[in-house]
Structures are given as C-alpha cells and as structure tokens.
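Keep in mind that this is a model prediction, so the values were computed, not measured.
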Amino acid sequence: MHETEFWELIDQTREAAGGDPVDHAELLVERLTRLDPETVVDFARHFETRVNRAWRWELWGAAWVLLDGASDDVFDAFRCWLVGRGRKVFEGALHDPEALAELLEDFDPDVDGEGGDLGCAAYDAYEQLTGGPLPELDLPGPPPEPEGTAPPFEDDRALAARFPRLWERFRGLPE
C-alpha cells in the first residue's frame, strides 16, 4: 500500500462515518477486510509510523487544551484520532499544533480525540482475515520521552499563553 492509498482509505472511511471516530473505526475494519493480509500489514505500518511521529510534547499540550486534560492513554488515543482526521490535519498539526485551531471545523471533547479503536483497526481486520494476530511490524518504537519540551500541563494561564489560538477557540479565557 502506498502512502496515497493509505490517506485515501483514511479519508473515505472518515467521510462515510460522518467523522464519528467509533463508526470510522468500524468502517475502516470493514474496508481493510476486503484487502489481502499483506496489504493490511502495510496499512498498519503506515498508521503506526504516523502515530509514532506524533509523539511530541507540543501535540500533547494541544490535546490537553482540547480535551481539558490528557493522560498517557488519552494522548495515545488522540494521536490515533489525529491520523484519522486525514493528511492535511495530521501534517498541519505536526508542523504547528496551534494550527488545529483553524484545521478543525469543530471539536467535541466527549467524542473527538478518541481514536483508540482506529489504532486497532488493522489488528482487528488482520485477525478477521487470517484468524491470527497481526505480525510484528518491525518499526522503530517512539523514544522514551516525546520530542520537544513538555508544556505546563497543570497551569491554565501558561497553557493559554503557549497555545493562545487553541485556548481562545476551544477553552475561552483562563480562570
């Protein structure tokens, strides 16, 4: 699977799901099970590579602002969700996490940002196709710590100063 095919599959299934992350994951599994197992493994490599690229403190800070907090597990799910938003949003957020203020049409913290099921789609599809687990992807894992400098997670004023556009659009004035 080429990168263009990967992003087309992400976009097609997201649009068909109306942007709902749970429906998106279900449609993605359905579409992946129409492919051969090797192509599903290729898809998984593309997905995991991008999730690993998003292992950055600045993105974690953006997720924290959008979700009003983000534990390790929540940030993992957020990175999967971010890949699911498509190439333009994903690459834009990697370049400048603050750009999410313009790249996202809206954001509902009760629904959006939850992409854990998306992260499992290739694993589920492979198991349905073969009856066995997805093989090792032989990808380098992310470093022990995210790239960059950790934001001041527990300080709303400092977060608002570090992510002013995101804060203004999605959180309002710090108290």
Side-chain angles (χ1 to χ4, degrees), residues 6 10-11 13-14 17-29 43-125 134 137 139-175:
F6 168 80
I10 290 287
D11 291 342
T13 52
R14 182 188 65 256
D20 180 273
V22 174
D23 292 344
H24 186 185
E26 289 172 3
L27 287 170
L28 189 54
V29 170
F43 177 90
R45 282 189 189 105
H46 280 288
F47 198 94
E48 287 298 318
T49 296
R50 278 145 190 87
V51 168
N52 288 342
R53 284 181 58 209
W55 182 237
R56 300 175 180 200
W57 282 119
E58 286 296 306
L59 277 174
W60 201 334
W64 192 281
V65 170
L66 288 166
L67 297 166
D68 195 17
S71 66
D72 293 2
D73 291 341
V74 169
F75 184 53
D76 287 344
F78 179 85
R79 290 183 295 143
C80 292
W81 174 84
L82 191 60
V83 173
R85 301 317 313 156
R87 187 177 202 166
K88 179 181 177 184
V89 172
F90 177 78
E91 293 293 341
L94 283 185
H95 177 71
D96 176 14
E98 269 268 277
L100 287 169
E102 293 81 36
L103 291 168
L104 298 176
E105 289 182 30
D106 56 13
F107 188 87
D108 179 350
D110 293 330
V111 177
D112 295 320
E114 176 50 55
D117 291 344
L118 282 173
C120 297
Y123 293 85
D124 294 345
L134 188 80
L137 299 176
L139 295 172
E145 288 289 317
E147 179 183 313
T149 304
F153 291 122
E154 301 297 333
D155 183 341
D156 282 358
R157 289 197 178 280
L159 273 175
R162 189 150 174 188
F163 301 99
R165 295 183 341 246
L166 275 175
W167 193 278
E168 182 179 334
R169 175 139 187 246
F170 297 107
R171 295 279 295 275
L173 297 173
E175 297 175 5

Look at E91 together with R53 and state whether they make a salt bridge at an N to O cut-off of under 4.0 Å.
yes

Between R162 and E58, is the closest basic N to carboxylate O distance under 4.0 Å?
yes

Any donor-acceptor N/O pair, [X] side chain to [Y] backbone, under 3.5 Å:
| X | Y | value |
| --- | --- | --- |
| W55 | P143 | yes |
| R171 | V65 | yes |
| H24 | R85 | no |
| R79 | A54 | no |
| E114 | W81 | no |
| W57 | P151 | no |
| R56 | L94 | yes |
| W60 | A70 | yes |

Taking the side chain as C-beta and beyond, is there a heavy-atom pair between [X] and [Y] under 4.5 Å?
| X | Y | answer |
| --- | --- | --- |
| T49 | H46 | no |
| F163 | L100 | no |
| F75 | L59 | yes |

Taken to the nearest 0.5 Å, the spacing of L28 CG from E26 CD works out to 11.0 Å

Enter the distance from D20:CG to L27:CG here, rounded to the nearest 0.5 Å.
9.5 Å

Grab the two heavy atoms, one from [X] and one from [Y], that are nearest each other, plus how far apart they are.
| X | Y | value |
| --- | --- | --- |
| D117 | A25 | CB-CB, 3.4 Å |
| L166 | P97 | CD1-O, 3.7 Å |
| A99 | G92 | CB-O, 4.0 Å |
| V89 | L82 | CG1-CD1, 4.0 Å |
| A122 | A44 | CB-CB, 3.6 Å |
| E102 | R169 | N-NH1, 4.5 Å |

Evaluate V74 against W64 for side-chain contact (heavy atoms from CB on, under 4.5 Å), listing each step before the verdict.
CA-CA 9 Å; V74 169; W64 192 281; over 6 Å; no

I want to check a possible cation-pi pair here: R50 against F6, using under 6.0 Å from ring centre and within 45° of the ring axis as the test.
yes

side-chain contact (heavy atoms from CB on, under 4.5 Å) for L66 and F78? Distances and angles first, verdict last.
CA-CA 10 Å; L66 288 166; F78 179 85; 3.9 Å; yes

Among all residues two or more places apart in sequence or in another chain, which pass the side chain to side chain donor-acceptor pair (under 3.5 Å) test with E48?
none

